Amino acid sequence: MKQSTDISVVVPVKNEAGNVEGLIQEIDYSLRNFNYEIIYINDGSKDNTEKELKLILKNNKRLRVISHEESQGQSAALRSGVIASQSPIIATLDGDGQNDPSDLPGMIKLFRNNTNQFLLVGGVRVNRKDGKHRLWASSIAKYSRLLLLKDNHPDSGCGIKVFHKDLFLRLPYFDHMHRFLSALAHREGAKILEFNVKHRERQIGVSNYTNLGRLIVGISDILGVIWLRKRMPKNKVSEEIYK
């Protein structure tokens, strides 16, 4: 049965066996003063990720699990979780454990202290624990987004975010859209805020992306987002007429 929740925490995962239980425990502890739900989207994992989620599901009443039979990509997994969520406020985390759930209460407080109709609070990773090649690729992507998309969020690729569900559902959906949420949200007139967050080393498993792959796909996606922004209707003012 559906119930009202303060916030829905959406976590897409693919082949993250070993990272699942600990991260869920951290989310539960960090949000102990909130009414929340946790939605894990298993995006076609080939390891024991789904098995681990099923075991936790038996005893954790706040956990919900959505499973893609085949991998559809992180953006598709994120969208599945947002659509299924029961709260008007969404928080997202990467499933590899590098985001720290203890940052969520502060991000939620910042979110609640603003009254904008549409709002996105994006994490900014301080002292990133990634290898130099990944940092290099991220830097190129960051400056490309700034130059070509006027996206001045310092870390729009960070996985930990808080935003309105209605805002997300207004955004154009395409593969890899999750890397452009701040630029796409700005396209809809949303306010974008920054929040410094902790970053941790991956303890188990390996990334599902290569640095070169991120860079090549990122460039083509930027061109697509430029196309979308140019075709955004201007002067979008409307009102309902009453008798």
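Starting from 1, each residue takes its place in the sequence as its number. Note that these values count all heavy atoms, side chains included, but never hydrogens, waters or copies made by symmetry. Being a predicted model, the structure only gives us computed values, none of them experimental.
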_Please enumerate all residues that pass salt bridge (charged side-chain N to carboxylate O under 4.0 Å, His left out) together with E194, with sequence neighbours excluded._
none

*Provide the closest heavy-atom pair for G122 versus L120 in the form atom of the first, atom of the second, distance.*
N-CD2, 3.7 Å

*Please check if the side chain of S75 supplies one atom and the backbone of H176 the other of a donor-acceptor pair under 3.5 Å.*
yes

*What is the minimum heavy-atom distance between Y40 and V20, and which atoms define it?*
OH-O, 3.9 Å

*Output, in order, the C-alpha distance, side-chain angles, deciding distance and verdict of side-chain contact (heavy atoms from CB on, under 4.5 Å) for M177 and F168.*
CA-CA 11 Å; M177 68 168 288; F168 181 89; 3.9 Å; yes

*Looking at CG of L78 and CG of L181, how far apart are the two atoms once the value is rounded to the nearest 0.5 Å?*
6.5 Å

*Exam field: side chain D103 to backbone K198, donor-acceptor pair closer than 3.5 Å*: yes

*How far apart are the closest heavy atoms of N19 and E16, and which atoms are they?*
ND2-OE1, 2.7 Å

*Closest approach of A185 and I192, non-hydrogen atoms and distance?*
CB-CD1, 3.7 Å

*Is there side-chain contact between I160 and F195, with heavy atoms separated by less than 4.5 Å?*
no

*Answer yes or no: is there a donor N or O on one side and an acceptor on the other, between the side chain of D47 and the main chain of T49, under 3.5 Å?*
yes

*When hydrophobic residues are tied together by side-chain contacts of less than 4.5 Å, even through go-betweens, does V124 share a cluster with V162?*
no

_side-chain contact (heavy atoms from CB on, under 4.5 Å), that's the test. Do C158 and N99 meet it? Break it down for me._
CA-CA 9 Å; C158 181; N99 297 141; 4.3 Å; yes

_Could you tell me if the side chain of V197 sits less than 4.5 Å from the side chain of R125, heavy atoms only?_
yes

*asked:* Quick check for you: to the nearest 0.5 Å, what is the distance between T5 atom OG1 and I38 atom CD1?
replied: 11.5 Å

*asked:* Using the rule side-chain contact (heavy atoms from CB on, under 4.5 Å), only one of R79, K161, Q74 pairs with H178; which is it?
replied: Q74

*Given side-chain contact (heavy atoms from CB on, under 4.5 Å), test D6 with R112 step by step and report yes or no.*
CA-CA 11 Å; D6 292 335; R112 287 177 168 176; 3.6 Å; yes

*Hey, could you give me the CD/CG distance between E188 and D166, rounded to the nearest 0.5 Å?*
11.5 Å

*For the residue pair P101 and Y29, establish whether any side-chain heavy-atom pair is separated by less than 4.5 Å.*
no

*Hey, quick one: are L55 and L57 part of the same hydrophobic cluster, counting side-chain heavy atoms closer than 4.5 Å, chains of contacts allowed?*
no

*Go through H199 and N127 one step at a time and tell me if the side-chain contact (heavy atoms from CB on, under 4.5 Å) criterion holds.*
CA-CA 7 Å; H199 193 240; N127 298 322; over 6 Å; no

*Do the side chains of Q86 and K165 get nearer than 4.5 Å, heavy atoms only?*
no

_Spacing of E70 atom CD and K46 atom NZ [to the nearest 0.5 Å]_ = 4.5 Å

_Distance-minimising heavy-atom pair for S80 and H68_ = OG-NE2, 2.8 Å

*With rounding to the nearest 0.5 Å, note down the distance linking CG in N114 to NZ in K109.*
12.5 Å

_Once you measure the plane-to-plane angle for H164 and F118, does it fall in the parallel (<30°), tilted (30-60°) or perpendicular (>60°) bin?_
perpendicular

_Nearest atoms (heavy-atom pairs only) where L184 meets P172_ = CD2-CG, 4.0 Å

*Between L31 and R62, is any pair of side-chain heavy atoms under 4.5 Å apart?*
no

*Are any side-chain N or O atoms of R64 and backbone N or O atoms of A84, one a donor and one an acceptor, separated by less than 3.5 Å?*
yes

_Salt-bridge criterion met for R200 and E26 (N-O under 4.0 Å)_ = yes

*Quick one: are I108 and Y36 in side-chain contact, heavy atoms under 4.5 Å?*
no

*asked:* Donor-acceptor check, side chain of S8 to backbone of I90, threshold 3.5 angstrom: yes or no?
replied: no

*asked:* Checking the side chain of K14 only, and the main-chain atoms of S71 only, is there a donor and an acceptor separated by less than 3.5 Å?
replied: no

*Say whether I204 and L93 are linked into one hydrophobic cluster, either directly or through other cluster members, by side-chain heavy-atom distances under 4.5 angstrom.*
no

*asked:* I need the I27 CD1 to S102 OG distance, nearest 0.5 Å.
replied: 11.5 Å

